[in-house]
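Notes to accompany the following structure.
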Amino acid sequence: MSIDPLRYICEDPLERKWAWISLILAFVMGGVLGFYALASNLHPPSNVETIDSSRLHLSEEFAEDNLGVKSNPDGSLTITMVAARYGFYPPRIEVPVDTPVTLRMASADVLHGVHVPGTNMTTMVVPGYISEVNTMFTRTGEFSLLCNEFCGLGHDHMWSRLVVVENSAGGQ
Ligand code: CUA
């Protein structure tokens, strides 16, 4: 320990030992996070787009009648949803497998998160911002779309259903 760089800030060898353990733990945890972020292709959303959360229902995109799944000219889909205590609206969405989808979600009240276990779909839904995630569902089945940010007493019951169906476009 004669070349211990921590000796400049701490004289007690026992204290330095604990400092090293904490530092190593921090690096190991950082490494594990980095590994899974790369291995599961998780990435922070980079979309910065603001919206007035209190007037969502009056906005064109997030008005009740405009929520849901829409197809784009290039064959991809856009899912528009609102997160509000305590649910995601619409409560059930259906998308074809192996199709590029863009999820656009806004919160009508507080901070929520959206996560679909078993996929790389996850993002925070921050009031005042539009969250956007580009992904593709590669397995058919019924998935739960869960809230993963504590948003109040009903947080545990905040979820909706995502159904990934066979691609009816014949592989297009
Ligand atoms: Cu919404 Cu927790």
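Remember, it's 1-based here, ligands and their atoms both numbered in the order they're listed. Numbering starts at 1 and runs along the sequence shown.
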Looking at CG of Leu146 and CG of Asp156, how far apart are the two atoms once the value is rounded to the nearest 0.5 Å?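 Here the rounded value is 10.5 Å.
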Any chance you could measure Tyr86, atom OH, to Asp109, atom CG, to the nearest 0.5 Å?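 Tyr86 OH to Asp109 CG: 8.0 Å, rounded to 0.5 Å.
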Using side chain to side chain contact (heavy atoms under 4.5 Å, CB included) as the criterion, list what pairs up with Ile9, not counting sequence neighbours.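 Ile9: side chain to side chain contact (heavy atoms under 4.5 Å, CB included) contacts with Leu6.
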Under-2.8 Å neighbours of atom 2 (Cu) of ligand 1, protein N/O/S atoms only: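 Count of protein N, O, S atoms less than 2.8 Å from atom 2 (Cu) of ligand 1: 4.
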Check whether any side-chain heavy atom of Arg161 sits under 4.5 Å from a side-chain heavy atom of Glu142, and report yes or no.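 Yes, close enough: below the 4.5 Å cut-off.
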So, do Thr102 and Ile79 sit near enough that their side-chain heavy atoms are less than 4.5 Å apart?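 Side chain of Thr102 against side chain of Ile79, heavy atoms only: no contact under 4.5 Å found.
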Cut-off 3.5 Å, side chains only: do Asn72 and Thr78 have a donor facing an acceptor?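 There is such a pair (donor and acceptor under 3.5 Å, judged by atom type) between the side chains of Asn72 and Thr78.
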